[in-house]
Every structure is written in structure tokens, then in C-alpha cells.
Amino acid sequence: MAQYVFDRRRNNGPEDSFPPVFDSDLRSVASKSEPKPRKDRSPLDIRPIFLQPGLITQATGSTYIETERTKIACAIYGPRQSKNTSFHEKGRLNVEVKFAPYSCQRRRSPMHDAEDRSIAMAIHQALVSSVRLETFPKATIDIFITIIETDGIEGCVAAGSIAASTALTHAGIEIVGLVISCSAAIINSEVWLDPTDEESSSSNGTLVLSCMPALQKVTSVWQKGRMERKFQCMKACQNRSDDIHAVVGQALLEAAR
Amino acid sequence: MASAATASVLAPPSVLDQTHNLPQEDQDALKAAVFQRLHPRVYLERFVREEIRPDGRAFGESREAAVNVGSISTADGSALVRLGGTTVVCGVKAEIAEPALDAAGVGFLVPNVDLPAMCSPRFRPGPPSEEAQVLSERLNQALVASGFVDLDALCIHPGKAAWVLYVDATCINYDGNAFDAALLAMVAALRNTTLPQATYNEETHRTTCARAAPRVPLRLSPSTPVAASFGIFDGKYVLADPTAFEEPLLEGSVCAVLGAGGAVVSLSQTGSVLVASADGAERDVLAECVAAAQRRRVDLVRAAFGEE
């Protein structure tokens with residue numbers, strides 16, 4: 001049920017509305033089902049990435065990323081003057097994530113909620129050590145991310161970080177290296193990379209690793225749940241990140257031509 | 001040695017000098033960009049005097065529109081519309097609610113537009129700006145006034161259950177004329193929407209949908225509402241489909257939403273639409289704009305939906 005908040009700034013619908021209930025779902029008992037084995041990729045494969053820098057012409061830099069069903073647009077504005085803040089010797093990185101109301105299985109209210117804040121935090125953490133913030137004191141870089149469709153929160157964080165780092169590069173902002181993220185889940189005590197929503201909800205634990213493959217440095221690790229083979233997971237993520245790094249490099253090169 | 005050192009002291013390399021290293025073409029582009037930024041009005045005036053607009057269009061020419069439907073699988077219907085640089089994504093989510101007491105057999109249509117901070121440097125993050133609120137309300141009026149969606153067909157059981165269609169449009173890139181693009185996106189998304197077959201059980205008071213049964217499209221009016229906007233610049237020129245650069249320089253604007261056969265669904269005029277001709281006589285261009293909007297509608301409906 002969408003929590004009803006009357007908002008005089010928007011067109012409001014009825015007070016209560018519910019997503020449709022399907023007859024077949026009522027009969028089957030909701031249980032933590034075993035994930036179906038993957039059809040078109042092996043556990044250590046990721047979904048194909050489509051990356052297009054420069055679609056948002058109004059922004060300093062921008063990227064659109066699509067990994068099968070996950071679709072994310074990211075725009076960079078700045079560096080521009082920091083408003084309402086005291087003097088900072090270093091620049092600031094501001095990450096805002098917004099879910100489109102139609103991006104999930106259930107409609108999201110257009111207001112901010114806790115989930116987009118935590119994704120913004122995770123992306124900020126992944127990126128902040130890669131940006132040379134000391135080169136623009138008193139200024140802010142705004143990173144705005146709109147999630148058009150999701151298929152798993154882990155995939156969103158990973159794709160969002162890649163998109164934001166690519167957009168920063170496209171904007172010509174000085175960074176020490178491209179940040180690449182990759183997610184993994186433990187399913188049946190096996191490592192599955194880039195889990196979908198269904199897969200990550202049936203796993204015990206998930207992990208998102210962000211790193212700079214060019215420098216062989218990890219920028220952040222975000223783990224949820226119980227994971228028995230986390231180092232094996234991280235290693236697998238890091239190996240796959242090298243491949244994604246090549247994809248991002250190629251996309252940026254083509255956009256520059 | 002000494003003379004070289006004094007020369008470098010006398011002429012320190014300044015930031016401005018760095019542009020001289022660029023090729024001539026880039027230098028000119030930079031000068032033009034600076035001029036456009038500092039004197040937008042004069043910049044546009046110089047273009048229109050040559051009977052052309054900064055993006056190379058004629059005054060009456062609209063930007064090309066591209067419509068792509070059904071790419072968002074989490075929505076019940078979706079569309080992506082690109083009108084030149086302006087990009088709008090629209091998704092329809094259907095939910096079930098109890099109908100209003102005074103309209104027991106009628107469903108709901110809830111259109112909203114979001115202009116997030118992502119789409120233009122003019123917008124700030126936070127609640128919808130005044131511009132977004134006005135846009136949402138105008139779209140609501142256009143959709144309601146045209147009767148495009150048959151709200152009676154959204155009723156599942158009178159007084160008990162009806163569909164609510166949340167039509168949310170998100171602007172991804174704002175390059176002017178968001179209204180035309182948003183209306184086109186909403187209409188295309190609604191045409192793409194299908195609903196599961198729902199039944200209301202009077203004993204359990206529950207509404208359930210059949211997963212096996214085929215989904216049904218919405219019952220829509222054959223008269224698709226399409227908008228066309230025009231701006232008046234300098235009291236002399238009528239610019240069709242203004243861009244984000246032109247919009248703040250316009251002194252008047254006309255927006256016509258038309259249905260099939262040129263039936264006017266909604267018409268809005270802001271500011272004066274009196275235009276001076278070459279001989280100095282002033283004329284009202286409202287009727288001309290409506291006629292141009294009708295031509296635009298025919299082209300758009302054919303290009304986007306392949307009909308009429």
C-alpha cells in the first residue's frame with residue numbers, strides 16, 4: 001500500500017490504493033524459494049552493460065547506463081559555488097539519488113525515503129576517494145542520479161557508481177582513477193556475480209565492491225547479511241571490474257571522438 | 001639568458017592567452033559561446049534578423065520527435081519521448097482503490113510531472129518547483145478535458161473497486177518545451193498500458209487479478225490530444241517549439257492542445273500575441289498558431305503512432 005501523504009504540490013489520487021493482487025500468488029505459499037539456475041550466463045558472469053556518456057546536454061557531464069533491466073541516468077553539475085555552507089578548503093561531493101515512481105515492482109511515492117539516501121551514501125563512499133577534491137575549494141560537484149528501472153538494489157549501487165564515475169570523467173573533472181563497482185551474492189554457498197533482485201533476495205548475503213582497477217585500489221565495500229566466502233567474493237568482483245573498466249574506457253573514447 | 005628572463009617577467013602567461021593556442025575554429029566557437037552567455041538577447045536577435053534560429057531551424061519549424069514505448073518492464077505502460085534535446089520518460093503504474101463516494105463507477109487518472117535537478121542547472125533538488133506544479137496541472141487539465149482515457153472503463157465493481165492510473169513523467173534532459181514532450185510521453189505511455197483482468201469477489205470483499213488471462217489495453221478515445229507550443233520574440237517573430245535558450249527571452253507564448261480534426265482541447269496564451277508585420281501593422285497570431293498546431297498534430301500522430 002502506498003502510504004498516503006497529501007501533497008498540495010502534486011496531483012493526488014485517492015487516499016488508499018493497493019497494487020493488484022494475483023490469484024496465483026495467493027495460492028502458493030510465500031517462502032524463501034531456491035533461486036532458479038541462470039539460463040544465459042554462468043554464476044561469475046555479469047549482465048551486459050550499455051553505457052552512453054553525454055545524453056543530457058544541459059549537464060556538465062552525463063551518462064546513461066543500462067544492464068538488462070536496470071536503467072539509470074546520471075548527470076553532473078559543477079564544480080559550482082557551495083551555497084549555505086561555511087568555508088571548505090576542499091571541494092564537496094553531493095550525491096542525490098531519486099527513484100522514478102514507476103521504477104520498482106510497487107509504485108514508490110515520489111517523496112524521498114530511506115532507501116535512496118542509503119544508495120546515495122554508498123555511491124558517495126565509492127566515489128569520494130577518487131575525486132581530487134583539493135583542486136576546487138569552496139565548490140560543490142552535484143551528482144544527480146535518477147533510477148528509471150531497478151532490478152536489485154546491489155545492481156543499482158554498482159551501476160550507479162559506474163555511471164557517476166563515467167559522468168565525472170565526461171565532465172572533465174580531475175579524478176585519480178575510474179571507479180568500477182561490481183556486486184556479488186552467496187547462493188548455495190557459491191559466488192554469483194551481479195545478482196538480480198530475485199537472486200539477491202534468496203541469498204544469505206550480498207556485497208558490492210568498488211575499486212579503481214587502474215590503481216589496484218579498493219574504494220569501498222558494502223556488505224549486507226551473512227557471508228561465509230567474502231574474500232572469494234571480493235576477488236571475483238575485482239577480477240570482473242577489470243573487464244568493466246575496459247568497457248567504460250571504450251565508451252568514453254567513443255564519446256570523445 | 002638575461003634578456004630571455006626579463007621577457008618572461010614582462011609577459012607572464014595569462015589564462016586568457018591560453019586560448020590563442022587553440023585552432024582558429026575553436027577560438028571562434030568559444031567567443032560565440034561567451035557572447036551567447038553574456039548577451040543572450042542580442043545573440044538571438046542577430047540570428048532572427050537572418051531569418052534563422054540558433055539551432056538552424058526556420059521560425060515555424062518544430063524539432064523532430066522520437067517516441068519509444070514499452071521499455072520499462074516494472075511499469076504497466078511506458079514511453080520515452082525525445083523532442084530535439086528534451087527527453088521525457090513516462091511510466092504508468094496501475095493500482096486498485098475504492099472509488100469516490102460521489103462517483104461510484106469511475107476510476108482515477110493521476111498525472112504528475114517531475115522536473116528533477118538532473119535535467120537542467122536551473123532546477124534545485126527538493127519538492128516540485130512552481131514550474132513543475134504548473135506543468136502537472138496543465139497536463140491534468142489537458143488529459144481530463146480531452147476525455148482521452150475512458151474513466152468509466154476503469155471501474156472494476158461500482159462503489160467497491162476501481163483502477164487508479166498513476167501517470168508519472170520524469171524529465172531527463174530539459175531543453176525547452178517540456179509540456180509538449182510530457183503530453184506526448186503520457187499519451188504514448190497510456191496507449192502502451194495494459195491492465196490485468198480484475199474481478200471483485202462480493203463475499204470476501206477482495207479484488208483479485210488473473211495472471212493467466214491476457215492483459216487488456218485501456219479504452220482510449222480515438223482523438224489523441226497533442227500539444228504544440230509557440231513563442232513570440234521581439235514582437236515580430238513566432239517561434240515554434242522553443243528551446244531552453246529561447247524560452248526565457250520570449251514575451252508571449254501560445255500553447256494549443258488539439259484532438260482529432262483540429263478540435264481544440266485546451267488553449268493557453270500568456271503575454272501579448274500581437275505581432276508587427278514588415279509594414280508595421282499589428283496582427284493577432286492566435287489563429288495562425290492554432291492552424292500550425294493542427295499541421296504539427298497530423299505530422300506527429302503519423303510519425304509517433306502511425307495513424308490518421
Side-chain angles (χ1 to χ4, degrees), chain A residues 1-2 7-26 55-60 62 64 66 68-69 71 73-78 80 83 94 96 98-112 142-151 197, chain B residues 71-76 78 80 85 87 89-100 108-112 114 116-122 125-130 132-133 136-137 139-140 162-166 168 170 172-175 195-196 198-199 206-212 244:
Chain A
M1 183 200 118
D7 186 350
R8 62 188 170 77
R9 298 192 193 94
R10 292 185 173 91
N11 290 323
N12 289 280
E15 230 168 270
D16 274 348
S17 67
F18 303 88
V21 179
F22 287 93
D23 45 9
S24 54
D25 302 356
L26 287 177
L55 281 184
I56 302 171
T57 49
Q58 305 291 307
T60 322
S62 66
Y64 171 77
E66 192 174 312
E68 276 182 6
R69 288 175 53 191
K71 297 176 183 70
C74 172
I76 308 276
Y77 288 95
R80 53 187 180 187
K83 296 249 167 78
N94 175 36
E96 302 237 359
K98 203 167 189 180
F99 278 96
Y102 43 82
S103 62
C104 306
Q105 286 303 326
R106 284 193 165 189
R107 180 177 188 265
R108 295 184 89 97
S109 116
M111 312 258 188
H112 273 287
D142 286 306
I143 302 178
F144 296 121
I145 295 172
T146 298
I147 299 174
I148 299 166
E149 185 178 347
T150 71
D151 189 10
D197 196 21
Chain B
S71 47
I72 300 169
S73 60
T74 45
D76 296 290
S78 62
L80 176 125
T87 310
V89 183
C90 179
V92 178
K93 280 295 246 184
E95 293 197 345
I96 295 170
E98 202 172 290
F108 302 87
L109 184 69
V110 190
N112 275 297
D114 191 13
M118 186 178 85
C119 68
S120 165
R122 290 199 297 133
S129 61
E130 225 160 81
Q133 292 172 47
S136 290
E137 184 47 36
L139 285 161
N140 187 25
W163 287 106
V164 189
L165 297 178
Y166 292 100
D168 290 287
T170 312
I172 301 289
N173 189 22
Y174 185 96
D175 193 12
L195 296 178
T199 43
R206 288 186 80 152
T207 309
T208 50
C209 303
R211 187 149 337 248

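First the proteins, then the strands, lettered A, B, ... as listed; each starts at 1. Values below: every heavy atom of this structure, side chains too, minus hydrogens, waters and symmetry copies.
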Go through [options] and name the one with the most non-hydrogen pairs under 4.5 angstrom from chain A.
options                                : value
B:Pro116, B:Ser136, B:Ala117, B:Cys90  : B:Ala117
B:Ala75, B:Ala212, B:Ser120            : B:Ser120
B:Leu195, B:Ile172, B:Leu109, B:Leu139 : B:Ile172
B:Ala97, B:Ala210, B:Cys209            : B:Cys209
B:Val110, B:Thr207, B:Asn173           : B:Asn173
B:Ala244, B:Pro111, B:Ala198           : B:Pro111

What part of [X] gets closer than 4.5 Å to chain A, counting heavy atoms only: side chain, backbone, both or neither?
X        : answer
B:Asp76  : neither
B:Glu130 : neither
B:Ala94  : backbone
B:Val89  : both

Which pair of heavy atoms, one from [X] and one from [Y], lies closest together, and at what distance?
X        : Y        : result
B:Ser71  : A:Lys71  : O-NZ, 3.2 Å
B:Ala100 : B:Phe108 : N-CZ, 3.7 Å
A:Ile56  : A:Cys74  : CD1-O, 4.0 Å

Legend entry - Those residues that, when tested against B:Pro121, pass side-chain contact (heavy atoms from CB on, under 4.5 Å) (two or more places apart):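 So B:Pro121 forms a side-chain contact (heavy atoms from CB on, under 4.5 Å) with A:Gln58, A:Tyr77, A:Arg80.
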Legend entry - A:Thr57 and B:Asp175: side chain donor to acceptor below 3.5 Å: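 Not at all, the side chains of A:Thr57 and B:Asp175 share no donor-acceptor pair under 3.5 Å.
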Legend entry - Short side-chain donor-acceptor distance under 3.5 Å, A:Ser17 and B:Tyr166: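 There is such a pair between these side chains.
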Inset, instruction - Identify the residue among A:Lys98, A:Arg107, A:Arg108 that makes a salt bridge (Lys or Arg N to Asp or Glu O under 4.0 Å) with B:Asp168. - result: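 For B:Asp168, the salt bridge (Lys or Arg N to Asp or Glu O under 4.0 Å) check succeeds only for A:Arg107.
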Legend entry - Heavy-atom pair count under 4.5 Å with chain B, highest-scoring of A:Asp142, A:Asp151, A:Thr146: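 Top count of heavy-atom pairs under 4.5 Å with chain B: A:Thr146.
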Legend entry - Residue of the set A:Gln105, A:Glu68, A:Arg69 for which side-chain contact (heavy atoms from CB on, under 4.5 Å) holds with B:Ser73: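 Per the side-chain contact (heavy atoms from CB on, under 4.5 Å) rule, the option paired with B:Ser73 is A:Arg69, out of A:Gln105, A:Glu68, A:Arg69.
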Inset, instruction - Using non-hydrogen atoms and a 4.5 Å limit, figure out which bit of A:Leu55 sits close to chain B: side chain, backbone, both or neither. - result: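 Both parts, heavy atoms under 4.5 Å.
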Legend entry - Per-residue contact mode, A:Thr60 against chain B (heavy atom under 4.5 angstrom): neither
Inset, instruction - Might you work through the side-chain hydrogen bond (donor to acceptor under 3.5 Å, both in side chains) test for B:Tyr174 and B:Thr87, ending with a clear yes or no? - result: CA-CA 7 Å; B:Tyr174 185 96; B:Thr87 310; over 6 Å; no
